[in-house]
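Encoded as structure tokens, the structure appears first; notes follow it.
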Amino acid sequence: MFKIENTFKDHKLERVMVDGKRHYLTPDGNKYPSVTTILSSMNKDAIQQWRNNIGHAEAQKVTTQASRRGTAVHLLCEKYVANDPDWAKGAMPVNISTFKPIKKYLDDWCDVVYASELQMYSNELKTAGTCDLIARIHGIRTVADFKTSRKLKEKDWILNYIYQCTTYAIMLQELEGVWCPQIAIIIATDHDGLQVFIEHTADYVKEVKDFFSNYHDQLLTV
């Protein structure tokens, strides 16, 4: 069982679609693109090349399967960190199997949950999103994100994930005045067990701010 503190305000942002992309309406009336919408541009060329290599029909099949699995495993994570005793109820065995390494990691290294599925935004970065988890992991306040993958990742391949967590940390500091010095990317793979990438948030703050600034500047020139 985790200690649940519910420390931070959930802003309950309304989600809307603009030109097929997810946006959030903030309390100030701003309409900001989601964090994942903006960061998806980082891997756009690589994804297109992958689709071309394996064929668009096969790529769509793989993408759909991965999305369904990711959603199912993510729901298990959400229930588990909320101390739901029925976290596995109704879940497919294959998804429970994928989740179990995440469960063990959380049991071993996470003791306090500050927030789960926390909606936040940033007027500085002009973006908004939903953070998977803010918790004390390895004794440090951490922004964590849950992912699934068919195979093991290299750190260079998941820079968008690292930027995503860093963005949430920037949001939290902007809205709550609380800093998370650590981020954790927790990846459950199909056959190779668990990968966890632990990073110092401060190492990526400037990169993230520059990235979002450039993104919005490019929109203004289109």
Side-chain angles (χ1 to χ4, degrees), residues 4-44 47 63-64 66-79 81-82 113-135 141-148 158-180 182-186 199 201 204-222:
I4 307 293
E5 293 199 351
N6 292 322
T7 306
F8 307 118
K9 179 181 178 181
D10 189 334
H11 292 271
K12 302 295 184 184
L13 307 176
E14 181 183 352
R15 294 172 177 169
V16 295
M17 299 301 289
V18 179
D19 297 328
K21 297 179 179 179
R22 179 182 293 174
H23 286 61
Y24 289 84
L25 295 178
T26 74
D28 300 324
N30 296 307
K31 188 182 295 181
Y32 290 150
S34 71
V35 176
T36 51
T37 292
I38 294 176
L39 294 180
S40 64
S41 63
M42 295 180 68
N43 296 331
K44 186 176 180 180
I47 291 173
T63 300
T64 299
S67 178
R68 288 173 178 169
R69 177 196 55 191
T71 299
V73 173
H74 188 278
L75 181 59
L76 290 172
C77 295
E78 182 182 345
K79 288 181 176 181
V81 298
V113 171
Y114 301 114
S116 174
E117 295 298 300
L118 182 69
Q119 290 191 330
M120 297 184 290
Y121 63 95
S122 168
N123 291 322
E124 178 183 6
L125 302 181
K126 296 181 174 62
T127 188
T130 305
C131 179
D132 284 357
L133 180 67
I134 301 172
R141 187 186 300 113
T142 302
V143 175
D145 201 64
F146 301 116
K147 303 293 185 184
T148 56
I158 63 161
L159 189 59
N160 58 322
Y161 298 165
I162 294 172
Y163 277 20
Q164 182 179 5
C165 283
T166 304
T167 301
Y168 293 138
I170 293 170
M171 289 178 178
L172 191 68
Q173 185 177 47
E174 181 179 332
L175 295 172
E176 301 279 353
V178 175
W179 180 240
C180 290
Q182 182 171 268
I183 59 179
I185 315 300
I186 304 169
E199 299 290 334
T201 315
Y204 297 93
V205 170
K206 185 180 185 305
E207 291 179 34
V208 167
K209 289 186 176 182
D210 288 346
F211 181 89
F212 277 81
S213 178
N214 290 336
Y215 176 88
H216 292 298
D217 286 346
Q218 289 172 12
L219 288 182
L220 293 175
T221 62
V222 173

Taking atom [atom1] of [X] and atom [atom2] of [Y], what is their separation to the nearest 0.5 Å?
X      : Y      : atom1 : atom2 : result
Leu39  : Gln164 : CG    : CD    : 6.5 Å
Asp10  : Met120 : CG    : CE    : 9.0 Å
Tyr32  : His216 : OH    : NE2   : 8.0 Å
Thr167 : Ile162 : OG1   : CD1   : 11.5 Å
Ile186 : Asp145 : CD1   : CG    : 8.5 Å
Thr166 : Leu159 : OG1   : CG    : 8.5 Å

Taking only residues two or more places apart in sequence, or in another chain, which ones meet [X] in a side chain to side chain contact (heavy atoms under 4.5 Å, CB included)?
X      : result
Asn6   : Ile4
Ser213 : Asp217
Lys31  : Val16, Val18, His23, Leu25

Can you tell if the side chain of [X] reaches within under 4.5 Å of the side chain of [Y], non-hydrogen atoms only?
X      : Y      : value
Arg22  : Met17  : yes
Phe212 : Lys126 : no
Val81  : Leu133 : yes

Listed by chain and number, what are the side chain to side chain donor-acceptor pair (under 3.5 Å) partners of [X], not counting sequence neighbours?
X      : value
Thr127 : none
Ser34  : Thr36, Thr37
Arg15  : Tyr24, Thr130

request  = Assign the ring pair Phe146 / His74 to parallel, tilted or perpendicular, where the plane angle (0 to 90°) is split at 30° and 60°.
outcome  =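 Taking His74 first and then Phe146, their aromatic rings stand perpendicular (interplane angle over 60°).
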
request  = Fit a plane to each ring of Phe8 and Tyr114, take the angle between them on a 0 to 90° scale, and name the class: parallel (under 30°), tilted (30 to 60°) or perpendicular (over 60°).
outcome  =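 Geometry flag for Tyr114 against Phe8: tilted rings.
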
query = Who passes ring-ring contact (aromatic ring centres under 6.0 Å, His included) against Tyr161, sequence neighbours left out?
reply =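 So Tyr161 forms no ring-ring contact (aromatic ring centres under 6.0 Å, His included) with any residue.
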
Let me have the donor-acceptor pairs involving side chains of residues 170-178, under 3.5 Å, with sequence neighbours excluded, atom names and distances please.
residue : atom : partner : partner atom : Å
Glu174  : OE1  : Ser122  : OG           : 2.6
Glu174  : OE2  : Asn123  : N            : 2.8
Glu176  : OE2  : Lys9    : N            : 3.0

key: Exercise: identify the closest heavy-atom pair between Ile185 and Cys165   =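 Heavy atoms of Ile185 and Cys165 come nearest at CD1-SG, 3.5 Å.
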
request  = Identify the heavy atoms of Ala144 and Asp132 that sit nearest to each other, and give their distance.
outcome  =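 Shortest heavy-atom contact: O-CB, 3.5 Å.
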
Could I get the full list of salt bridge (charged side-chain N to carboxylate O under 4.0 Å, His left out) partners for [X], not counting sequence neighbours?
X      : value
Lys79  : none
Asp210 : Lys206
Glu207 : none
Lys21  : none

request  = Test side-chain contact (heavy atoms from CB on, under 4.5 Å) on Tyr168 and Ile134 and set out the steps.
outcome  = CA-CA 9 Å; Tyr168 293 138; Ile134 301 172; over 6 Å; no

inquiry  = Cys180 vs Thr142, test: side-chain contact (heavy atoms from CB on, under 4.5 Å). Steps then yes/no.
reply    = CA-CA 5 Å; Cys180 290; Thr142 302; over 6 Å; no

key: Donor-acceptor under 3.5 Å (Ser116 side chain, Glu78 main chain)   =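 No, Ser116 side chain to Glu78 backbone: no donor-acceptor pair under 3.5 Å.
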
